[in-house]
Amino acid sequence: MLRIVTFFTLLLSFTTSIMAADNIKVMHLTGQSNKYHSWKGTGDAINEHLTSAGIFDVDVVTSPAGGEDMSKFSPKFSDYDVIVLNYDGAEWSEKTKKAFVQYVRGGGGVVSVHGANNSFAYWSEFNEIIGLGGWGGPGLYDPPLYQGEADKQASRNEDWGPRVYWEGCGAVHDDSPGSTKHPPKHDFIITNRTPDHPIMRGLPEMWLQSHDEIYSDLRGPGKNLTILATAYADQKLKNASPHNEPMLFTVSYGKGRVFQSTLGHVGAKDDATVLAVRNVGFITTLQRGVEWAATGDVTQAIPKDFPTAYDATIR
Ligand code: ZN
């Protein structure tokens with residue numbers, strides 16, 4: 001009997017290790033955010049959503065806190081299929097930045113969630129990798145970044161590249177001046193613009209996202225960028241963009257695949273229970289985007305509780 005139990009234990013552990021070996025290796029990189037976001041709250045939500053997908057092994061890599069020494073922070077990017085960026089803060093060392101660029105150029109996957117695209121305004125390769133970003137000025141951080149560097153005091157604007165939005169049947173790259181902005185959190189419709197992309201395949205034409213920010217007029221090189229989904233703000237609200245703003249998009253950089261979800265605002269005093277990160281639309285597109293960035297395809301089914309254009313669904 002003991003022998004049979006041992007055999008089954010062995011078989012079970014063998015099966016488990018086979019399954020684990022097949023899982024996608026995810027580095028969730030976090031540890032800093034600007035004064036308006038909580039990397040902890042965002043991070044708890046990301047961990048929960050990636051773990052529940054059942055196809056990811058997630059390692060959380062936490063940087064030193066804002067203002068601390070960053071010189072020894074050097075995550076082993078090459079050990080992972082995809083890096084999920086939930087980081088917005090002090091610059092990494094030159095060595096770490098170089099390793100990250102090499103990783104992406106060589107075919108690594110990257111996913112940027114919401115405020116992660118505020119980071120590294122003055123790192124040109126990073127701006128190429130994420131395609132478009134927002135804000136990033138030194139005063140938005142505590143302690144402020146780039147102290148004593150007079151040439152690094154602005155937030156992202158036309159100097160970083162065009163704003164990119166959807167008009168008619170395609171993307172418009174618009175060089176007119178302006179800085180990034182967003183209207184107050186509200187409920188809005190997300191429109192699927194590239195339904196044949198693996199991330200978007202099977203998702204409805206439109207669905208509702210509740211109580212979130214619409215990042216607008218993001219600026220950057222915007223090269224090799226594919227808009228997957230857009231949102232159009234309630235025009236009565238302050239800072240409402242008159243354009244269909246990209247909410248989900250991809251960038252190809254070298255051999256690397258990059259997915260951005262600008263959704264998922266978690267305020268500085270919020271935790272993972274805020275509505276923006278409980279929307280099933282946010283959760284599903286995050287899970288699918290991470291798989292696509294890692295492998296180039298998506299195997300996950302669309303959940304039965306995916307929202308419609310009339311009803312947002314919350315988990
Ligand atoms: Zn936000």
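In listed order, ligands and their atoms are each counted from 1. From a predicted model like this one, the values you see are computed outputs, not experimental measurements.
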Hey, is there an N, O or S on His37 sitting under 2.8 Å from the Zn ion (ligand 1)? yes

One thing to verify: whether Lys97 and Glu125 come together as a salt bridge, which I'm taking to mean a side-chain N less than 4.0 angstrom from a carboxylate O. no

Anything under 30° is parallel, anything over 60° is perpendicular, the rest tilted; go ahead and classify His114 against His265. perpendicular

ring-ring contact (aromatic ring centres under 6.0 Å, His included) test vs Trp135 passes for just one of Tyr215, Phe120, Trp160, Tyr36, namely Tyr215

Of the N, O or S atoms in His265, the one nearest the Zn ion (ligand 1): ND1

Whether Tyr87 and Trp92 hold their rings parallel, tilted or perpendicular, with breakpoints at 30° and 60°: tilted

Rounded to the nearest 10°, what angle sits at the Zn ion (ligand 1) between OE1 of Glu213 and NE2 of His114? 90°

